[in-house]
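Notes to accompany the following structure.
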Amino acid sequence: MPRILIVEDDPKLASLLASDFELEAFEVIIARDGVQAVEMAKRDKPDVIILDIMLPRMSGYEVRRTLRKDKSLIPILMLTAKG
């Protein structure tokens, strides 16, 4: 079963996204901030990351930079409400 890491600090949005992916038979794990996202990405090895840009403790940009610096090839979809 493909695993998706959703990185979103808004609990309602994270839950909505998780529900939609679970209906399509994905295993979903959720991180609530950037630091937790990096830890979970390294530990749980998701197949894809859906990453909010504006996060507590570490921005989505910093998460992406950290993972790429560590040679992670996990595909990342950036999610934002920024205009």
Side-chain angles (χ1 to χ4, degrees):
M1 176 182 307
R3 179 181 297 151
I4 294 178
L5 171 57
I6 296 174
V7 186
E8 174 57 60
D9 60 326
D10 179 328
K12 286 184 181 181
L13 183 53
S15 178
L16 179 66
L17 288 167
S19 295
D20 286 344
F21 283 110
E22 288 167 346
L23 285 173
E24 297 297 327
F26 287 90
E27 178 185 348
V28 176
I29 53 178
I30 298 173
R32 302 286 186 205
D33 64 54
V35 172
Q36 186 181 33
V38 170
E39 293 169 356
M40 292 177 77
K42 290 178 179 182
R43 182 188 65 225
D44 298 324
K45 308 280 193 259
D47 296 294
V48 67
I49 299 171
I50 298 179
L51 180 60
D52 187 14
I53 292 175
M54 299 171 58
L55 295 166
R57 296 177 56 188
M58 178 186 280
S59 77
Y61 296 122
E62 292 172 294
V63 170
R64 186 192 66 216
R65 267 192 297 274
T66 300
L67 293 175
R68 294 300 183 242
K69 184 182 75 172
D70 291 342
K71 308 293 188 221
S72 171
L73 298 177
I74 301 168
I76 298 172
L77 282 164
M78 302 297 283
L79 178 69
T80 184
K82 291 177 84 170

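Predicted model only: the values in this text are computed from it and were never measured.
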CG-CG distance between Leu79 and Leu13, expressed to the nearest 0.5 angstrom: 6.0 Å
Shortest non-hydrogen separation from Pro2 to Ala25 and the atoms involved: CD-O, 4.0 Å
Can you give me the closest heavy-atom contact between Leu51 and Gly60, atom names plus distance? CD2-O, 3.3 Å
Please name the pair of heavy atoms, one in Arg32 and one in Pro11, separated by the smallest distance, quoted to 0.1 Å. NH1-CA, 3.6 Å
When rounded to the nearest 0.5 angstrom, what is the spacing between CE in Met1 and CD in Glu22? 9.0 Å
Mind checking the OG-CD spacing from Ser19 to Glu24? Nearest 0.5 Å is all I need. 12.0 Å
What pairs with Arg3 under side-chain hydrogen bond (donor to acceptor under 3.5 Å, both in side chains), at least two apart in sequence or on another chain? Glu27
Do you know the tightest heavy-atom contact between Ile30 and Ala18? CD1-CB, 4.0 Å
Spell out, yes or no, whether Val28 and Met40 are grouped together once hydrophobic residues are joined by side-chain heavy atoms under 4.5 Å, including indirect joins. no
Over all heavy atoms of both residues, which pair between Ile6 and Ala14 is shortest? Give the atoms and the distance, please. CD1-O, 4.3 Å
Please output the side-chain donor-acceptor pairs of residues 66-78 that fall under 3.5 Å, not counting sequence neighbours, one pair per line with the distance.
from  : atom 1 : to    : atom 2 : distance (Å)
Thr66 : OG1    : Glu62 : O      : 2.8
Arg68 : NH1    : Ser72 : O      : 2.8
Arg68 : NH1    : Ile74 : O      : 3.0
Arg68 : NH2    : Ile74 : O      : 2.8
Asp70 : OD2    : Lys42 : NZ     : 2.7
Ser72 : OG     : Ile74 : N      : 3.3

State plainly whether one hydrophobic cluster holds both Tyr61 and Val35, where clusters connect Ile, Leu, Val, Met, Phe, Trp and Tyr through side-chain heavy atoms under 4.5 angstrom apart. yes
With a 4.5 Å heavy-atom cut-off, do Asp44 and Leu5 have their side chains touching? no
Taking a hydrophobic cluster as the set of Ile, Leu, Val, Met, Phe, Trp and Tyr residues connected by side-chain heavy atoms closer than 4.5 Å, whether directly or through intermediates, do Ile50 and Met58 fall within one such cluster? no
Hey, could you give me each pair passing ring pair (Phe, Tyr, Trp, His ring centres under 6.0 Å) that has a residue in residues 13-32? Not counting sequence neighbours. Phe21-Phe26
Measure across Ala37 and Val63 and return the closest heavy-atom pair with its distance rounded to 0.1 Å. CB-CG1, 4.2 Å
May I ask you to test the Ile4-Ile29 pair for a side-chain heavy-atom distance under 4.5 Å? no
Please check this pair: side chain of Asp10 against backbone of Lys12, looking for a donor-acceptor N/O pair closer than 3.5 Å. yes
If you round to the nearest 0.5 Å, how far is CG of Asp9 from CG of Asp52? 5.5 Å
